[in-house]
Amino acid sequence: MKEKMIMLGNEAIARGAYEAGVVVSSAYPGTPSTEISEILCKYNEVYTEWAPNEKVAVEVAFGASVAGVRSLACMKHVGLNVASDPLYTFSYTGVNGGSVIVVADDPGLASSQNEQDTRMIARSAHIPVLEPSNSQEAKDFTVLAFELSEKYDTPVILRTTTKLAHSQSTVEISDRIEKQAVPYERNMRKYVMMPASAIGRHVYVEERENRLAIDAETLSVNKVEKGSSEIGFITSGIAYEYVKEVCPDASVLKLGLVNPLPKKLIEEFCSQVKEVYVFEELEPVIEEQIRSWGIKVKGKECFTKQGEYSANLLKKVLYGKTDEVYEKQVVPNRPPILCPGCPHRSVFSVLNKLKIHAAGDIGCYTLGAVAPLNVIDTTLCMGASISTLHGMEKACGKEFIKNWVAVIGDSTFLHTGVNSLINMVYNKGTGTVIILDNRTTGMTGHQEHSATGKTLKGEETYAIDLATLCKSVGVPNVIEIDAFDVDGLTKVIKESVLGDVLTVIIAKAPCALLKGQKFPNKCEINQDACKKCKMCLKIGCPAISMRDGVVSIDETMCNGCGLCKNYCKFGAIEVVAR
């Protein structure tokens, strides 16, 4: 009997990649996909790395595929936007060794700036998409994805979602398949995408997709579960689990391959059921294709395009009511907040004091937009803060940005921010860029990056020096400073925003949650000296609170960073040893 284990969806995908004989994996951390690489790196047979961004990750996977081995690239849905440039052409070149791109969508915006649907990009790029419904399928579909990749000479997208990535179910594991590398043969028409080559490959892509659509009719992952002829569902992914929970007697067409769709199978299913619902999260990708064939189904007129689906959503649509226990459940409001001792809070407190606006970026520091710090005015995508500031200057002149800065994290700066900085230098931009260097990729759980000095596997490596990098691209004024040096930050920010040259301020202090961080001190309030002015509350530290007119510091939360002490004009706060 094969061994069975309880696995997260992400853990199962990693296991599937291992069992499929993957040799090279490249990724950029992004919730909810991050754990795939963190788990996969524990298998010594697989080379794993953090890439500086998703575009690079796909290009590395492409190179490994051309060299003849199975390769993997992992990212979240917005990362696929960054990777779209190589992705669309990778579809044209096809593969040598199988190549799979895992993309994790985020219905419900658990940790993202939008709810885009990967299936729409895959349709546009003519790339097949597999979508598992549970952890067992997550492993099995990963293995199948590599088989389909090699059979049809195409990269394959494995689409997952937040709920699947972070839920657990039983998985039966197997041994690793050690595949011999496919010999590389030079083929300019296949791999060099000049116009003359690409024209021919586009024809191949269309033919390939037609073959896949025909074969999808009998593919085992597309299956009909016969039940009532009164009501039927066409569904896929985690939504399938909700259908089975709410309507166990309904007929179901479960689609494992969601692009391309098996037209004849769908037509036959719909002809045997009186009323058919298409139950799919986010966009009506399946629904619109079915309706374009002249088949009558119900879909988004009943179900929302927004947020995660649930069994209760389906109950409400079908029966007009939901689970009473669920309805009565009250979830307390718990807004996100920067951690105690976070170095970003120190920088934002200075910006708030100086009444300076910030063009923001993607990371923990996006929380600088909310009360009580209230300094970030824009957040668009990874690396956009610097370009946003540059655009403001070119639109309204230097005077406009004299109370603006751009803020960006160290990992995000290396992801795509450096390109924006080069653009500012090249196009004679001025302004102030603050790199919040906390020595990690904080938002996704403290992953290494190319400036931390360690690889994904924890091996020592060269650490890019951010100050040297900024100087090398031509930034005339680069300043490194301790993120908790409030007086120093105040001085340099005041001077730089009023100056006429491009300035990069690198505010350095490690993330308070990094492994190995020690906090020998704590902050205490002398109640006799406290004037109840509430200045210490304005920094928004969760360790500080006021009840019944008394300000107190929770020593179990405080790590003694001393930021609050800087804002107490009466000397009522002291930093003392624990």
Side-chain angles (χ1 to χ4, degrees), residues 4 6-10 12-13 16 32 104-105 107-108 117 119 129-142 144 158-172 216 219-258 261-262 265-266 268-282 284-287 290 297-300 302-305 307-327:
K4 290 186 177 181
I6 300 293
M7 287 186 173
L8 290 169
N10 279 346
I13 292 170
D105 286 1
D117 194 320
R119 297 174 301 169
V129 181
L130 289 168
E131 185 173 6
S133 297
N134 53 51
S135 295
Q136 181 68 57
E137 287 189 351
K139 182 189 81 82
D140 295 343
F141 283 22
T142 303
L144 175 62
L158 182 78
R159 182 199 186 219
T160 180
T161 59
T162 303
K163 189 73 76 177
L164 176 63
H166 294 157
S167 60
Q168 295 179 312
S169 59
T170 304
V171 177
E172 186 177 89
L219 199 63
S220 61
V221 294
N222 293 332
K223 57 184 180 182
V224 174
E225 298 174 359
K226 290 187 177 180
S228 169
S229 61
E230 295 296 317
I231 184 171
F233 291 89
I234 299 174
T235 187
S236 64
I238 198 72
Y240 164 80
E241 302 293 343
Y242 306 140
V243 169
K244 295 302 290 182
E245 178 182 340
V246 176
C247 303
D249 298 325
S251 290
V252 179
L253 171 52
K254 181 184 182 299
L255 297 173
L257 182 72
V258 295
L261 294 177
L265 184 62
I266 290 171
E268 183 179 347
F269 176 80
C270 291
S271 70
Q272 296 174 353
V273 180
K274 289 183 179 179
E275 190 171 55
V276 177
Y277 290 88
V278 178
F279 194 60
E280 57 182 327
E281 287 184 317
L282 298 181
V285 176
I286 296 171
E287 175 191 341
I290 294 174
V297 293
K298 291 185 176 182
K300 294 301 177 185
C302 303
F303 309 112
T304 179
K305 289 183 182 180
E308 283 188 316
Y309 279 11
S310 66
N312 276 283
L313 170 67
L314 188 54
K315 287 178 183 178
K316 189 170 185 178
V317 169
L318 295 179
Y319 310 126
K321 62 179 181 179
T322 59
D323 189 320
E324 290 183 9
V325 174
Y326 176 87
E327 284 294 324

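Nothing fancy with the numbering, it's 1 onward along the sequence.
In this structure, OH on Y309 lies 6.0 Å from OG1 on T304, to the nearest 0.5 angstrom. In this structure, L313 CG and L318 CG are separated by 9.0 Å, a value rounded to the nearest 0.5 Å. Note: T235 OG1 to Y277 OH = 14.0 Å, rounded to the nearest 0.5 Å. Between atom CD of residue E137 and atom OG1 of residue T142 there is a gap of 11.0 Å, rounded to the nearest 0.5 Å. The SG atom of C247 sits 4.0 Å away from the OH atom of Y319 when rounded to the nearest 0.5 Å. In this structure, CZ on F279 lies 7.5 Å from CZ on F233, to the nearest 0.5 angstrom.
A heavy-atom distance below 4.5 Å is found between the side chains of H166 and N10. Residues V297 and C270 meet the side-chain proximity criterion, which asks for heavy atoms closer than 4.5 Å. Put simply, the side chain of L130 reaches to within 4.5 Å of the side chain of V221, judged on heavy atoms. Looking only at side-chain heavy atoms (C-beta outward), F303 and L314 come within less than 4.5 Å of each other. No side-chain heavy atom of S251 sits less than 4.5 Å from a side-chain heavy atom of Q272. R119 places a side-chain heavy atom less than 4.5 Å from the side chain of I286. Using a 4.5 Å heavy-atom threshold, the side chains of P262 and L255 count as touching. Side-chain atoms of K139 and E172, non-hydrogen and from C-beta on, never get closer than 4.5 Å to each other.
Scanning both residues, A104 and P32, for their nearest heavy atoms gives CB-CG, 3.6 Å. Of all the heavy atoms in V243 and V252, the pair that sits closest is CG1-CG2, 3.9 Å. The minimum heavy-atom distance between L257 and N222, with the atom names listed, is N-OD1, 3.1 Å. Nearest heavy-atom pair across F269 and G232 is CZ-CA, 4.1 Å. Looking at every heavy atom in both residues, S135 comes nearest to A12 through O-CB, 3.1 Å. When all heavy atoms of P132 and A138 are compared, the pair lying nearest together is CB-N, 3.5 Å.
A salt bridge links E308 and K163; the closest N-O separation between the charged side-chain nitrogens and carboxylate oxygens is under 4.0 Å. Checked for salt-bridge contact, E275 and K298 meet the test: a charged N lies under 4.0 Å from a carboxylate O. With salt bridges taken as basic N to acidic carboxylate O contacts below 4.0 Å, one links E225 and K244.
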Please step through side-chain contact (heavy atoms from CB on, under 4.5 Å) for the pair V285 and V258, ending with a clear verdict. CA-CA 9 Å; V285 176; V258 295; over 6 Å; no

side-chain contact (heavy atoms from CB on, under 4.5 Å) for I234 and E287? Distances and angles first, verdict last. CA-CA 9 Å; I234 299 174; E287 175 191 341; over 6 Å; no

Does E131 form a side-chain contact (heavy atoms from CB on, under 4.5 Å) with E280? I'd like the steps, not just the answer. CA-CA 11 Å; E131 185 173 6; E280 57 182 327; over 6 Å; no

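Enclosure of atom NZ in K226 is not indicated, since only 12 or fewer non-hydrogen atoms of other residues, nucleotides or ligands lie within 6.0 angstrom.
Listed by chain and number, the residues in a side chain to side chain donor-acceptor pair (under 3.5 Å) with E281 amount to none (sequence neighbours excluded).
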